[in-house]
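The structure appears below as structure tokens.
On a predicted model such as this, the values are computed, not experimentally measured, just so you know.
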Amino acid sequence: MLITVAAYGMFLALLVVAAVIDLRELRIPNALVLALVAVWVLWQAARFDVVPGPLGVLPASAVRLAPDIGEGLMGALLLGGVPLVTAVLLEAASHQRAVGGGDIKLLAAVGLYLGPGRGVVCVLASCVAALVLSVVLPRMGWRAPPDARPGVPACDVLGPSPRTETPPRALRAIPFGPAIALGALVGLLLPPAL
């Protein structure tokens, strides 16, 4: 039980770090996603107790443990795969960037911890949070950093930067990391959707 609490504590702490970095830099570092995966792997390994059995050393609660690992992998596939396919199709149709690769990788890592049922709750809550953020962030004066996307002027990301005289344009990119973090918290607190 203590191991699970520690794992979810690390999970939430790393999500907060990802959200803050995404707000500041409009990106989610691969190192954070890898840290989330590493914590999950260590958590699963720590939960894999062995006991003597009739066939030698067997995993304790093998029936109970297998769905946890399987559900985590299924959650990662669902939360990472569906947005990836959707982004590829949207980008092919619109010729514009739909979703960042860091967001997709972060969702896949979140799926490891939540599984498919709670993962669906997370995605729905993340979408609602992203809609709210798309309204709130511009009113709070949030702007993407000028170097958020190398090779793309800041005015093409969110509107004018101090370096341009271009009139403001509609918000075209928001950090999705904070929305994912909020969605993951909701997914942990609410019952699974599936």
Side-chain angles (χ1 to χ4, degrees), residues 1-50 59-88 91 97-127 129-130 133 148-150 173-194:
M1 177 68 174
L2 185 59
I3 292 171
T4 298
V5 170
Y8 277 118
M10 288 294 299
F11 168 66
L12 293 174
L14 288 168
L15 284 178
V16 168
V17 172
V20 169
I21 291 173
D22 201 18
L23 275 170
R24 288 184 181 167
E25 302 176 17
L26 207 57
R27 70 182 190 88
I28 297 170
N30 288 336
L32 278 173
V33 175
L34 290 174
L36 282 166
V37 172
V39 168
W40 183 79
V41 168
L42 291 173
W43 173 40
Q44 294 302 320
R47 293 173 61 200
F48 194 76
D49 300 326
V50 293
S61 309
V63 174
R64 178 186 58 80
L65 188 58
D68 291 337
I69 293 171
E71 283 180 6
L73 294 174
M74 191 64 141
L77 183 63
L78 178 69
L79 267 65
V82 171
L84 176 62
V85 170
T86 304
V88 167
E91 289 175 7
R97 185 172 176 220
V99 132
D103 298 325
I104 293 170
K105 290 181 270 189
L106 184 62
L107 278 169
V110 167
L112 290 171
Y113 290 84
L114 300 181
R118 292 185 188 278
V120 169
V121 173
C122 169
V123 169
L124 294 174
S126 296
C127 290
L133 286 174
R149 287 178 40 202
I174 63 164
F176 196 46
I180 294 170
L182 289 171
L185 182 61
V186 171
L188 280 175
L189 298 177
L190 293 181
L194 301 176

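- Here the shortest heavy-atom pairing between Leu84 and Ile104 reads CA-CD1, 3.8 Å.
- Residues Gly187 and Leu114 come closest through the heavy atom pair C-CD2, 4.4 Å.
- In terms of heavy atoms, Ala179 sits closest to Ser126 at O-OG, 3.1 Å.
- Put simply, the residue from Leu14, Val110, Ile28 that forms a side-chain contact (heavy atoms from CB on, under 4.5 Å) with Val33 is Ile28.
- Aromatic ring centres of Trp43 and Tyr8: separated by under 6.0 Å.
- Taken from CG in Leu185 to CG in Leu189, the straight-line distance is 4.5 Å, to the nearest 0.5 Å.
- To the nearest 0.5 Å, atoms CD1 (Ile174) and CG (Asp103) are separated by 9.0 Å.
- The line from SG of Cys122 to CG of Leu188 is 8.5 Å long, rounded to the nearest 0.5 Å.
- Contact detail for Pro83 and Leu78: the closest heavy-atom pair is CD-O, 3.7 Å.
- Between the side chain of Tyr113 and the main chain of Ala7, no donor-acceptor pair closer than 3.5 Å is present.
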Go through it in stages, so that I can follow the logic: the residues are Leu15 and Leu36, the test is side-chain contact (heavy atoms from CB on, under 4.5 Å), and I'd like the CA-CA distance, side-chain angles, deciding distance and then a yes or no. CA-CA 8 Å; Leu15 284 178; Leu36 282 166; 4.3 Å; yes
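- Listed for the Asp22 side chain is no donor-acceptor partner under 3.5 Å among the backbone atoms of Pro178.
- One finds the CZ atom of Phe176 at 6.0 Å from the CG atom of Leu107 (value rounded to the nearest 0.5 Å).
- With hydrogens and angles ignored, the 3.5 Å screen pairs no side-chain donor or acceptor of Arg27 with any backbone N or O of Ile21.
- The nearest pair of heavy atoms linking Gly183 to Ala125 is CA-CB, 3.8 Å.
- Within the model, atoms NZ of Lys105 and CG of Leu32 stand 11.5 Å from one another, a figure rounded to the nearest 0.5 Å.
- Between Val37 and Ala109, the closest heavy-atom pair is CG2-CB, 4.3 Å.
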